[in-house]
Amino acid sequence: MSTTTMKTAPAPLTFNEQCYKLLSTVPKGKITTYKYLAEALGTKAYRAVGNAMNKNPYPRDLVPCHRVVNSDGRLGGYAGKTSEKIARLHDEGVEVFDGLIVDFKNKLHTF
DNA sequence: CGGTTGACCAAGT
DNA sequence: GACTTGGCCAACC
């Protein structure tokens with residue numbers, strides 16, 4: 001068996017990687033929640049999703065972790081300053097008022 | 001392999 | 001409406 005015909009290592013994506021991949025499908029100007037991400041992955045690991053975002057090693061162009069908010073419509077956390085997250089969202093057309101997403105349900109992206 | 005840690009969630013006080 | 005509690009689940013040590 002040559003290496004070309006050899007099937008490459010399965011390289012199972014970690015839960016984190018799955019989160020990143022899924023999140024990368026969220027279009028600009030829209031947002032999603034930790035809950036929706038988890039559910040879209042077929043699990044209830046809301047917290048694990050948050051952890052994944054915290055450790056996110058990818059640039060925001062690939063994995064826009066700032067587009068992830070709480071399911072209540074609150075801003076949620078951020079690895080950097082919260083004001084930065086707000087600024088980025090504003091830059092993409094998502095208004096934030098007092099730590100709350102304006103028109104949250106309308107901006108929400110569904111998978 | 002058991003315990004710890006979260007950018008969470010929902011319900012209760 | 002702020003605060004506490006229990007639950008949930010993957011990554012890390």
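Side chains included, hydrogens not; waters and symmetry mates left out as well; all remaining heavy atoms used. All values derive from a computational prediction rather than experimental measurement. Each chain gets a letter, A, B and so on, in the order its sequence line appears, and its residues count up from 1.
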Identify the two heavy atoms, one from Cys65(A) and one from Leu23(A), that lie closest to each other, and give their separation to 0.1 Å.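 Looking at all heavy atoms of both residues, the shortest contact is CA-CD2, 3.7 Å.
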[X] has a side chain; which of [options] sits nearest to it?
| X | options | result |
| --- | --- | --- |
| Phe15(A) | dA10(C), dC9(C), dA10(B) | dA10(C) |
| Asp72(A) | dC12(C), dA10(B), dG6(B) | dA10(B) |
| Ser71(A) | dA7(B), dC12(C), dA10(B) | dA10(B) |
| Ala79(A) | dA10(B), dA7(B), dA10(C) | dA7(B) |

For [N], take OP1 and OP2 only and decide whether either is under 4.0 Å from a side-chain N or O of [X].
| X | N | value |
| --- | --- | --- |
| Asn70(A) | dC9(B) | yes |
| Thr14(A) | dC12(C) | no |
| Lys35(A) | dC8(C) | no |
| Thr43(A) | dC9(C) | no |
| Asn54(A) | dA7(B) | yes |

Can you establish whether the number of heavy atoms outside Glu84(A) located under 6.0 Å from its atom CD is more than 12?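 More than 12 within 6.0 Å, yes.
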Can you tell me if Tyr46(A) has over 12 outside heavy atoms packed within less than 6.0 Å of its OH?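 Result for OH/Tyr46(A): enclosed.
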Nucleotide [N], atom [atom2] - distance to [atom1] of [X] in whole Å:
| X | N | atom1 | atom2 | answer |
| --- | --- | --- | --- | --- |
| Met53(A) | dA10(C) | CE | P | 15 Å |
| Lys55(A) | dC13(C) | NZ | C1' | 11 Å |
| Asn16(A) | dT5(B) | CG | P | 18 Å |
| Leu41(A) | dC8(C) | CG | P | 19 Å |
| Leu89(A) | dA7(B) | CG | C1' | 13 Å |
| Leu37(A) | dC8(C) | CG | P | 21 Å |
| Glu17(A) | dA10(C) | CD | C1' | 13 Å |
| Tyr34(A) | dA10(B) | OH | P | 14 Å |

Which part of the nucleic acid does Ala45(A) contact within heavy-atom distance under 4.0 Å: base, sugar-phosphate only, or nothing?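 Sugar-phosphate, backbone atoms only, no base.
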Assign Asn56(A) to base, sugar-phosphate, or nothing according to its heavy-atom contacts below 4.0 angstrom with the strands shown.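 Touches nothing.
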Does the side chain of Tyr34(A) come under 3.5 Å of the side chain of Glu39(A) through a donor N or O and an acceptor N or O?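 No, no side-chain donor-acceptor pair sits under 3.5 Å.
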Spacing of Ile31(A) atom CD1 and His109(A) atom NE2 [to the nearest 0.5 Å]: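 That separation rounds to 11.5 Å.
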Using only atom types and a distance under 3.5 Å, with no angle test, would you say the side chain of Lys107(A) pairs donor to acceptor with the backbone of Gly29(A)?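 Checking the backbone N and O of Gly29(A) against the side chain of Lys107(A), no donor-acceptor pair under 3.5 Å is found.
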Tyr46(A) or Asn51(A): which one's nearest nucleotide on DNA chain B is closer to the 5' end?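 Comparing both residues, the 5'-ward one is Asn51(A).
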Test for a donor-acceptor pair under 3.5 Å between the base of dA7(B) and the side chain of Tyr78(A), counting only N and O atoms.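 No pair found.
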